[in-house]
Amino acid sequence: MNIDDYLRLGQISIETAVYTCAPILGFGLVAGFLVSIFQAATQINDPALAFIPKIGAAIVGMVLFGHFMINRIAGFTIFVYSQ
């Protein structure tokens with residue numbers, strides 16, 4: 001393998017990491033934003049109120065996009081071993 005192959009492998013690995021993490025982080029971001037708006041409107045400052053919905057959103061994201069994430073990681077693994 002030459003340097004171009006290593007650069008391509010690094011690029012594909014970063015793309016795989018971003019595409020795999022994006023659904024969970026997106027759901028967590030939306031849940032955190034909604035909870036912070038709710039906390040600001042009601043002036044409730046309970047740390048558990050901010051933490052539990054983010055965990056729930058991450059689980060929902062894993063359930064909805066788990067198949068996509070597993071296929072993406074499996075495709076990357078096949079690509080790495082074929083090189």
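Computed from a predicted structure; not experimentally measured.
With sequence neighbours left out, E15 forms a side-chain hydrogen bond (donor to acceptor under 3.5 Å, both in side chains) with Q11. For the side chain to side chain contact (heavy atoms under 4.5 Å, CB included) test, residues two or more places apart in sequence or in another chain that qualify with F68 are Y19. Not counting sequence neighbours, the partners of A31 by the side chain to side chain contact (heavy atoms under 4.5 Å, CB included) test are A57. In this structure N71 satisfies the side chain to side chain contact (heavy atoms under 4.5 Å, CB included) test together with H67, sequence neighbours excluded.
Taken together through direct or relayed side-chain contacts under 4.5 Å among Ile, Leu, Val, Met, Phe, Trp and Tyr, V30 and I59 form parts of separate hydrophobic clusters.
The minimum heavy-atom distance between M69 and I24, with the atom names listed, is CE-CD1, 3.8 Å. Counting all heavy atoms, side chain and backbone alike, G10 lies closest to S13 at O-OG, 2.7 Å.
Think of L7 as one node in a network of Ile, Leu, Val, Met, Phe, Trp and Tyr side chains linked at under 4.5 Å; its network also takes in I3. When hydrophobic side chains of Ile, Leu, Val, Met, Phe, Trp and Tyr are connected at separations under 4.5 Å, F76 ends up clustered with L9, I12, F79, V80. Hydrophobic cluster of L29: no remaining members, since no ILVMFWY side chain lies below 4.5 Å from it.
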Side-chain donor-acceptor contacts of residues 33-45 below 3.5 Å, not counting sequence neighbours, with atom names and distances?
{"residue": "S36", "atom": "OG", "partner": "G32", "partner atom": "O", "Å": "3.2"}
{"residue": "S36", "atom": "OG", "partner": "F33", "partner atom": "O", "Å": "2.8"}
{"residue": "Q39", "atom": "NE2", "partner": "D46", "partner atom": "O", "Å": "3.2"}
{"residue": "T42", "atom": "OG1", "partner": "F38", "partner atom": "O", "Å": "2.8"}

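Using a 4.5 Å cut-off on side-chain heavy atoms (C-beta onward), N2 and D5 make contact.
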